[in-house]
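One structure is given below, encoded as structure tokens.
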Amino acid sequence: LNREMASLTSAVAMAIDHQAKPCRRSKSRNAMQTFCVVGDGGLILGFYCVPSDDMQWVEIAMEEIVARHGGDIEKTDDGDYRLKKKGALPDFIYVDK
């Protein structure tokens, strides 16, 4: 499944969001939230179980999503990220937190 999901890309837009409900019944406290990346037509590009909505988990997932689209990002000195190469990333990325 990971290999098949890693081949999916989006051309027009992507949306990213954290949700608490899907992991509410988890026996482990290691996965308390989900982080989901959705592409064109509701296509799930990535679905990750994460301990919190802390941005360190977003970093790992988004590096993979950006690389999948042929792009490249770099971390700046102030801890933010900058797009070095756009590749085939969509023009619109909606963020809901």
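Because only heavy atoms are used, hydrogens play no part in the values below, and waters and symmetry mates are left out as well, while side chains stay in.
Under a hydrophobic clustering in which Ile, Leu, Val, Met, Phe, Trp and Tyr are joined whenever their side-chain heavy atoms come within less than 4.5 Å, directly or via other members, V95 and I60 fall into the same cluster. In the hydrophobic clustering of ILVMFWY residues, with side-chain heavy atoms under 4.5 Å counting as a link, V58 and Y94 come out apart.
Counting heavy atoms of neighbouring residues, nucleotides and ligands inside a 6.0 Å radius, atom NZ of K86 exceeds 12 of them.
For V38, the side-chain contact (heavy atoms from CB on, under 4.5 Å) partners are C36, I44, not counting sequence neighbours. Qualifying side-chain hydrogen bond (donor to acceptor under 3.5 Å, both in side chains) partners for D78, counting only residues two or more places apart in sequence or in other chains: T76. Taking K75 as the reference, E59, Y81 meet the side-chain contact (heavy atoms from CB on, under 4.5 Å) condition, with sequence neighbours excluded. Judged as a side-chain hydrogen bond (donor to acceptor under 3.5 Å, both in side chains), and not counting sequence neighbours, the contacts of Y48 are E64. Applying the side-chain hydrogen bond (donor to acceptor under 3.5 Å, both in side chains) rule to D80 yields no partners; only residues at least two apart in sequence or on another chain are considered. Every residue two or more places apart in sequence or in another chain that forms a side-chain hydrogen bond (donor to acceptor under 3.5 Å, both in side chains) with S10 is listed here: D40.
At least one side-chain heavy atom of M62 sits under 4.5 Å from a side-chain heavy atom of V37.
The two residues H69 and P90 come nearest to each other via the heavy atoms CD2-CD, 4.1 Å. Listed here is the closest heavy atom pair of L45 and M14: CD1-SD, 3.5 Å.
We find that K85 and D72 are not joined by a salt bridge, their nearest charged nitrogen and carboxylate oxygen being 4.0 Å or further apart.
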Check against side-chain contact (heavy atoms from CB on, under 4.5 Å), R68 and L8
CA-CA 8 Å; R68 182 189 307 177; L8 302 175; 4.2 Å; yes
Given I16 and I65, is the side-chain contact (heavy atoms from CB on, under 4.5 Å) satisfied, shown in steps?
CA-CA 11 Å; I16 61 176; I65 296 288; over 6 Å; no
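For the atom pair CD1 of I73 and NZ of K84, the computed distance is 10.5 Å after rounding to the nearest 0.5 Å.
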